[in-house]
**Student:** 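Just passing along the structure, written as structure tokens.
Labels below follow one simple rule: chain letters A, B, ... track the order of the sequence lines, proteins then strands, and each chain is numbered from 1.
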Number of protein chains: 2
Amino acid sequence: MARTIPTEPTFRQRQILEWVRRFIVAQGMPPTVREIGAAFSITPRAVFEILQALERKGHLMRGALGARSLVLTQPPRHACPHCAAVPVVGRIAAGGPIEAIEDREAELTVSHDLCRRGELFALRVKGDSMIEAGILDGDTVLVRKQATANNGEIVVALLENEATLKYLHREGRRVRLQPANARLKPIYVEPTKLSIQGVVIGVHRQLDRKAARMNS
Amino acid sequence: MARTIPTEPTFRQRQILEWVRRFIVAQGMPPTVREIGAAFSITPRAVFEILQALERKGHLMRGALGARSLVLTQPPRHACPHCAAVPVVGRIAAGGPIEAIEDREAELTVSHDLCRRGELFALRVKGDSMIEAGILDGDTVLVRKQATANNGEIVVALLENEATLKYLHREGRRVRLQPANARLKPIYVEPTKLSIQGVVIGVHRQLDRKAARMNS
DNA sequence: TAAAATACTCAACGATTGTTGAGTTTCAAG
DNA sequence: CTTGAAACTCAACAATCGTTGAGTATTTTA
């Protein structure tokens, strides 16, 4: 019987194939065409063609099941711990992107289902700019590393070597970075001058007696 | 404290839960509500309600990822040295009238150093009464079980079989339970009518795309 | 040099998906 | 007897999904 012999994928195809593999391990389910597209900043059409090519070469099979139906020929091993350590990166002032400053000053333990949401890191919040979103000075935000984000999401944005936490709003050609604090004004930037490091998917706070004293 | 029995799924719920588990193993991805419905010859609506019930009881989590996003809460296996499971024992109203502590519905994974602080449990917050303390509707608060507390600490207080989340302030012979919301008035009670269940030592929040949509 | 494959953009179609409202039935507990 | 939950039906909405056509630029192959 004429079995499909896996052919060598191109660089781009392998890039996406490996990303899909990691996604399945992390999320417990295959990604959609648009999720892949968002990760690589390309359109669904481009992803579709690359997936077609990968299927033709025998690296995966595309769905008989409709949405999200994608099966890898070489399935990823499911390492299944119940928790994972997420690096807490402190200040992101002077470097480039966060990858460069992998000085993990601490580790945050998160439950397994949160890890499934992708590559995570954590940031300690300084200042009150997101106070109306319930993010206080000293909180730790859980961030999923990604270069794009949807409107209304809280993003870690890199602007001229400075990282900020803001709501993201695209408005025509410019981007509004909106603080959640009535005393602060929004920042307007060109999309080219903005680098999104990740999207906030969680907030952790640890209260202690010092915090209590300030309220008494 | 009125520790109640963990909520068992009904026969039908367990039936579907096991089917979903088998589906994931077989297909490599979670099923859609309609696929479940087809397998049991019921409508999407019926499936939806059963999945809701299973999520309420902590057996699975319905996704922030849109289609086919179902993550099972697996039974606890190997003890992890870096984390521990804290029971989420129910909802607490941070708003007006209150609801007593209910059944355990899920588990929260916290790092081990937090567990050393005593016996912990977690509560899901309902309402906006602690909004100015950065505790929002839907947050999960980590609570250390204890019967006393210091001034200024946020406590889980039981008043006539009703639990609330408030700042604790002793004022002479009476106790002031202070909400963190300018629109709400403090509650004054005699110490004898008040039962402190624990002290809030942490806040956890999980953001998803739905939350983002509301801000865009 | 011509042809094919690769890697994309943009705009759009129809199908599938999660979700909701309104109403029914069954069955056990107060 | 009443109440409430669990488990359903039916119809429908909006968002998301896979997919497609038409077109461009670049690289690889024959």
**Student:** Can you find a pair of side-chain heavy atoms, one from B:Ile42 and one from B:Val47, that are under 4.5 Å apart?
**Tutor:**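 Contact flag for B:Ile42/B:Val47 side chains = yes.
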**Student:** Does B:Ser69 have a side-chain nitrogen or oxygen under 4.0 Å from the phosphate oxygens OP1 or OP2 of C:dG18?
**Tutor:**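 So the side-chain polar atoms of B:Ser69 never come under 4.0 Å of the phosphate oxygens OP1 or OP2 of C:dG18.
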**Student:** Quick check for you: among C:dC8, D:dC17, D:dC10, whose closest atom lies nearest to any side-chain atom of A:Ile50?
**Tutor:**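 Of C:dC8, D:dC17, D:dC10, C:dC8 is nearest to the side chain of A:Ile50.
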**Student:** For B:Phe48 and A:Ala46, take the nucleotide of DNA chain C holding the closest heavy atom to each; which residue's nucleotide lies nearer the 5' end?
**Tutor:**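 Per heavy-atom nearest nucleotide, the more 5' residue is A:Ala46.
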**Student:** Measure the distance from CZ on B:Arg68 to C1' on D:dT16 and round it to the nearest whole Å.
**Tutor:**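 It is 13 Å, rounded to the nearest whole Å.
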**Student:** Return no unless some side-chain N or O of B:Arg62 is found under 4.0 Å from OP1 or OP2 of C:dT19.
**Tutor:**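 For C:dT19, OP1/OP2 do have a side-chain N/O of B:Arg62 under 4.0 Å.
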**Student:** Just how far, in rounded Å, is P of D:dC8 from CG of B:Leu51?
**Tutor:**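 Spelled out: CG on B:Leu51 to P on D:dC8 is 12 Å.
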**Student:** Ignoring backbone atoms, establish whether A:Lys57 has a side-chain N or O less than 4.0 Å from OP1 or OP2 of C:dT6.
**Tutor:**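 So the side-chain polar atoms of A:Lys57 do come within 4.0 Å of the phosphate oxygens OP1 or OP2 of C:dT6, strictly under.
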**Student:** The side chain of A:Pro44 is closest to which nucleotide in this list: D:dG18, D:dT19, C:dT9?
**Tutor:**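 Of the options given, the side chain of A:Pro44 lies nearest D:dT19.
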**Student:** State, yes or no, whether a side-chain contact exists between B:Tyr188 and B:Val175 at a heavy-atom distance under 4.5 Å.
**Tutor:**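 Contact flag for B:Tyr188/B:Val175 side chains = no.
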**Student:** Check whether any side-chain heavy atom of A:Glu153 sits under 4.5 Å from a side-chain heavy atom of A:Leu168, and report yes or no.
**Tutor:**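 A side-chain contact is absent here, since even the closest heavy-atom pair is not under 4.5 Å.
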**Student:** Mind calculating the distance between CD (B:Gln52) and P (D:dA5) to the nearest angstrom?
**Tutor:**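 Whole-Å distance recorded here is 14 Å.
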**Student:** Quick one: A:Ile36 CD1 to D:dG18 P, roughly how many Å, whole number?
**Tutor:**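 Whole-Å distance recorded here is 8 Å.
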**Student:** With heavy atoms under 4.0 Å as the rule, sort B:Arg34 into base, sugar-phosphate or nothing.
**Tutor:**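 If one applies the 4.0 Å heavy-atom cut-off, B:Arg34 turns out to touch a base.
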**Student:** Does D:dA6 have OP1 or OP2 sitting under 4.0 Å from an N or O in the side chain of B:Arg14?
**Tutor:**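 Answer is no, no contact under 4.0 Å.
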**Student:** A side-chain contact here means heavy atoms from C-beta on lying under 4.5 Å apart; do A:Ile154 and A:Ile135 qualify?
**Tutor:**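 In contact.
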**Student:** Just so I know, are the side chains of B:Arg68 and B:Met29 near enough to count as touching, which here means a heavy-atom distance under 4.5 Å?
**Tutor:**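 The answer is yes, as the side chains (C-beta and beyond) meet within the 4.5 Å cut-off.
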**Student:** Walk me through it: do A:Glu171 and A:Arg174 pass the test salt bridge (Lys or Arg N to Asp or Glu O under 4.0 Å)?
**Tutor:** CA-CA 5 Å; A:Glu171 297 182 337; A:Arg174 66 182 186 178; 3.8 Å; yes
**Student:** Would you indicate whether the side-chain heavy atoms of B:Leu165 and B:Val125 approach each other to under 4.5 Å?
**Tutor:**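 In short, these two side chains touch, coming nearer than 4.5 Å.
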**Student:** Considering heavy-atom distances to DNA chain D, does B:Ala53 or B:Ala67 have its closest nucleotide positioned more toward the 5' end?
**Tutor:**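 It is B:Ala53 whose nearest nucleotide is closer to the 5' end.
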**Student:** Could you tell me the separation between the CE atom of A:Met61 and the P atom of D:dG18, rounded to a whole number of Å?
**Tutor:**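 Atom CE in A:Met61 sits about 17 Å away from atom P in D:dG18.
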**Student:** So what does B:Arg45 hit on the nucleic acid, given a heavy-atom distance under 4.0 Å: a base, only sugar-phosphate, or nothing?
**Tutor:**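 Contact class for B:Arg45: base.
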**Student:** For a quick test of reading the model: is some side-chain N or O of B:Thr43 closer than 4.0 Å to OP1 or OP2 of D:dT9?
**Tutor:**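 So the side chain of B:Thr43 is within the cut-off, an N or O lying under 4.0 Å from OP1 or OP2 of D:dT9.
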**Student:** Under 4.0 Å: is that the gap between some side-chain N or O of B:Thr10 and OP1 or OP2 of D:dA6?
**Tutor:**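 False: B:Thr10 side-chain N/O out of range (4.0 Å or more) of D:dA6 OP1/OP2.
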**Student:** To the nearest Å, how far apart are B:Glu49 CD and C:dT24 P?
**Tutor:**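 Value for this atom pair: 15 Å.
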**Student:** B:Gln13 side chain N/O closer than 4.0 Å to the phosphate oxygens (OP1, OP2) of D:dA7?
**Tutor:**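 Checking D:dA7 against B:Gln13, a side-chain N or O does come within under 4.0 Å of OP1 or OP2.
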**Student:** Which letter, B, S or -, goes with each nucleotide of nucleotides 25-30 of chain C from 5' to 3', with contact meaning a protein heavy atom under 4.0 Å?
**Tutor:** ------
**Student:** Just to verify, what does B:Phe23 make a ring-ring contact (aromatic ring centres under 6.0 Å, His included) with, not counting sequence neighbours?
**Tutor:**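 Partners of B:Phe23 by the ring-ring contact (aromatic ring centres under 6.0 Å, His included) criterion, ordered by chain and then number, come out as B:Trp19.
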**Student:** What integer distance in Å separates B:Glu55:CD from D:dA6:C1'?
**Tutor:**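 Atom CD in B:Glu55 sits about 17 Å away from atom C1' in D:dA6.
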**Student:** Take atom CG of A:Asn150 and atom P of D:dT16, then tell me their distance rounded to the nearest Å.
**Tutor:**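 For the pair A:Asn150 CG and D:dT16 P, the rounded distance is 8 Å.
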